Number of protein chains: 2
Amino acid sequence: MTIALIAQEAGVSVPTVSKVINGRPEVAPETRRKVERLLLKHGYTRRTTLGDGPVGLIDLVFTELESPWAMELIRGAESATREVGAGIVISVMHTHAGPGRDWFDRVAARRTDGVIIVSSRLSASQYGHLNARSIPFVVVDPEGEPAPDVASVGATNWHGGLAATRHLLELGHRRIGMIGGPPDMLCSRARIDGYRAALETAGIPVDPALIHYGDFLVGSGHDRAHDLLSLPEPPTAIFAGSDLQAFGVFEAARQRGLRVPENLSVVGFDDIPLARSAWPPLTTVRQPLQEMAALAARMVLAMSRGEPLETRRVELATSLIVRDSTAAPRP
Amino acid sequence: MTIALIAQEAGVSVPTVSKVINGRPEVAPETRRKVERLLLKHGYTRRTTLGDGPVGLIDLVFTELESPWAMELIRGAESATREVGAGIVISVMHTHAGPGRDWFDRVAARRTDGVIIVSSRLSASQYGHLNARSIPFVVVDPEGEPAPDVASVGATNWHGGLAATRHLLELGHRRIGMIGGPPDMLCSRARIDGYRAALETAGIPVDPALIHYGDFLVGSGHDRAHDLLSLPEPPTAIFAGSDLQAFGVFEAARQRGLRVPENLSVVGFDDIPLARSAWPPLTTVRQPLQEMAALAARMVLAMSRGEPLETRRVELATSLIVRDSTAAPRP
DNA sequence: CAGAGGATCCGAAAAGTTTCGGCTAGACTT
DNA sequence: AAGTCTAGCCGAAACTTTTCGGATCCTCTG
């Protein structure tokens, strides 16, 4: 199946089909649609099979680059692609809406072998763009429920939330505050649900006043911690939805003259490199970010080689890392 | 000037020339050299002028991704390239030797518009690889003296070192320890020289025992700080060559029961995002990393469009950010 | 020492991409 | 209403890339 055949069937010239495939602008929308439909119907793929050649490009798509795990994901993807000599391209959307049409055109134009999308909710039509150009993609830690036929990689966030809360319970804490991430993010909700599950299993009723929401950044941890600590009956421990938020909690505690962990225990989530160097070293739930990205990269690479995937949804295990920010509550 | 003409003159076929240009492997070294020489001689450039089209790729080359400024540089380059719709590709060498031949081949194969090299000393032959393929490049914060005809972007490290040390002198410190980065890095040497200059201007002799060297990471800051604080006459302030090292100093101070800034003042260098959130908030010298990378990207982009550069070497100003990790020495 | 078995290199031919000029349709002027 | 402009769209032709098979040259046996 060559573009010449597609062109013939569509009643256009070869260059026009080439332009559609490569996302060049000078094609009328109607013509483009017609050609795209035929490309999809015939399952057209470039003759060239990348992967063993020296070329190869994987697009890594972020909504933003502020969060510290962005770097971990980049490193993981980089190490996996370096093995096969591929490069990785960083894209940032600066919006949670997902990429627009022009972005797909650019990606096609640079002949990307595959796309890794980080925590972004793509619409069906956006998946369609990728499929029409037969660009394989994997979603890492999606915000919403991933469509069942979309390949995705995540972490066992629920278990992580459970483990963190259990750890605090075992230390003897009974009032445990929770600072969650955005409630519409799946990964964030799962952590909070793990927290709830741990409490309920221990027979402790969940107090909604102890659950606050923010974004995953330092500032929200700081602000929500002040809210929690201003409660008439403040918590003796706080489980933050991210390490950054946990650092914000540290800050708030210091401003109130509270010592960690003597007066307040704090658990984070992510295990970013600085969690170890913080003071006190932060007890946190490790998320294997590098492995997740590396796995996603390998999945995309396999798909671009036409190999079938064994599993479309993979969750890597989180693990509790106990450091010095947690202790038994003061009697 | 088409590749057909080059092929004719070189006595090879058109495909062979194409392969040389695109760094494909199946060309004998001798043939490759011959063709490269002719390409250079005729100043061959692809007919297509990228830049205004939807394509466009800038390679950002790191020696490693561990340092926290890597992300700042990525963000700066990303914001500059996004303006023109170009993408950025991350490469990591994992060695200070600079990229090897296969890397240049890959870069050529993916039709990169330009390369930004982060603090890596390239040999003349490596510059030659890029020139032979007429790939423009800019070096950011080079380790060694950049060759005079190489475009580069840096920061005023010397002034930064001077400002940081002056700040400590003005607070009344007289014994100021210095933990430098690798002594063979130009940026690191400049900071130390600024430190020396400040002391000498103030009429204080430089005590070599107070100057220690490490890499730019947390661990070396920690170890060197212990060395300095074990001195018979320990310093009352430490100027670290990087924020990460400064965090290591914090750690060492805490282990010795020293309070910052009451017993020990600490100044860092870089102003990474976490410097503000650390405890105490770190006084540091801000390096405009994002702006540096953005400028480098714009330079590369301009070069790829064939525009001449006004200046081949640009240094962006550093600025002292005073926070809470510095105070007058205890009387 | 002949010959099988590779590995490497090259180019003819096929496939794909880009330029550039021309066509067309709507908008605007006279 | 006719002429003029302009922007968008398309395809012929020029250019480049990729595949694939054949040529050449080692290297290792029988």
Side-chain angles (χ1 to χ4, degrees), chain A residues 1-36 38-39 42-57 101-102 105-113 133-135 304-306, chain B residues 1-36 38-39 42 44-57 101-102 105-113 133-134 304-306:
Chain A
M1 187 44 48
T2 69
I3 69 174
L5 292 172
I6 300 276
Q8 197 181 2
E9 189 170 342
V12 298
S13 68
V14 168
T16 301
V17 177
S18 170
K19 286 169 197 170
V20 170
I21 294 171
N22 293 289
R24 319 218 81 230
E26 69 267 291
V27 182
E30 196 186 340
T31 311
R32 183 187 296 271
R33 258 195 306 282
K34 185 166 59 183
V35 173
E36 273 180 353
L38 283 172
L39 286 170
H42 293 301
Y44 172 83
T45 40
R46 257 181 77 71
R47 214 170 20 135
T48 131
T49 32
L50 298 171
D52 51 2
V55 206
L57 235 34
R101 125 144 278 144
D102 56 336
D105 288 344
R106 274 205 297 279
V107 168
R110 68 171 80 114
R111 306 199 202 148
T112 291
D113 294 285
R133 297 175 170 85
S134 61
I135 298 174
S304 82
R305 281 192 300 266
Chain B
M1 185 46 46
T2 68
I3 69 175
L5 293 172
I6 300 275
Q8 197 182 5
E9 190 171 342
V12 297
S13 70
V14 168
T16 301
V17 177
S18 170
K19 286 169 197 170
V20 171
I21 294 171
N22 292 289
R24 317 219 82 229
E26 68 266 286
V27 182
E30 195 186 342
T31 311
R32 184 188 294 273
R33 258 196 306 282
K34 184 165 63 182
V35 173
E36 273 182 353
L38 283 173
L39 286 170
H42 293 300
Y44 172 83
T45 40
R46 258 180 74 71
R47 213 172 23 137
T48 131
T49 32
L50 298 171
D52 52 1
V55 206
L57 236 34
R101 124 144 279 145
D102 56 337
D105 287 345
R106 273 206 297 280
V107 168
R110 68 171 78 115
R111 307 199 200 147
T112 291
D113 294 284
R133 298 176 170 83
S134 60
S304 82
R305 280 192 302 267

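Computed from heavy atoms alone, side chains included, the values below leave out hydrogens, waters and symmetry copies. This one's a predicted model, so the numbers in the text were calculated from it and none came from an experiment. Within every chain, numbering begins at 1; the chains are lettered A, B, ... in the order of the sequence lines, protein sequences first and strands thereafter.
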Can you see if the side chain of A/Thr16 gets near the phosphate of D/dG11 - specifically, an N or O under 4.0 Å from OP1 or OP2?
yes
For A/Glu30, the side-chain contact (heavy atoms from CB on, under 4.5 Å) test, sequence neighbours excluded, returns A/Arg33
CD1 (A/Ile3) and OG1 (A/Thr16) are apart, to the nearest 0.5 Å, by 9.5 Å
### Message
What I want to check is whether an N or O donor and acceptor connect the side chain of A/Lys19 with the base of C/dG16 at under 3.5 Å.
### Response
no
Among D/dT17, C/dC10, C/dT18, the one nearest any side-chain atom of B/Glu26 is C/dC10
**OP:** Give the intermediate values and the outcome of side chain to side chain contact (heavy atoms under 4.5 Å, CB included) for residues A/Val14 and A/Val17.
**Re:** CA-CA 5 Å; A/Val14 168; A/Val17 177; 5.9 Å; no
Winner on side-chain proximity to B/Ser18, out of C/dC9, D/dC9, D/dT17, is D/dT17
D/dC10 phosphate, OP1 or OP2, under 4.0 Å from A/Thr31 side-chain N/O: yes
Rounded to whole Å, the CD-P distance (B/Glu30 to C/dC10) equals 9 Å
d(B/Ile6 CD1, B/Ser18 OG) to nearest 0.5 Å is 12.5 Å
One should read off an interatomic distance between A/Leu39 CG and A/Ile21 CD1, to the nearest 0.5 angstrom, of 5.0 Å
Closest of C/dC9, D/dT17, D/dC9 to the A/Pro29 side chain is D/dC9
Under a 4.0 Å heavy-atom cutoff, the residues of residues 5-14 of chain A touching DNA chain C are A/Val14
Residues 3-19 of chain B vs salt bridge (Lys or Arg N to Asp or Glu O under 4.0 Å), sequence neighbours excluded, gives B/Glu9-B/Lys41
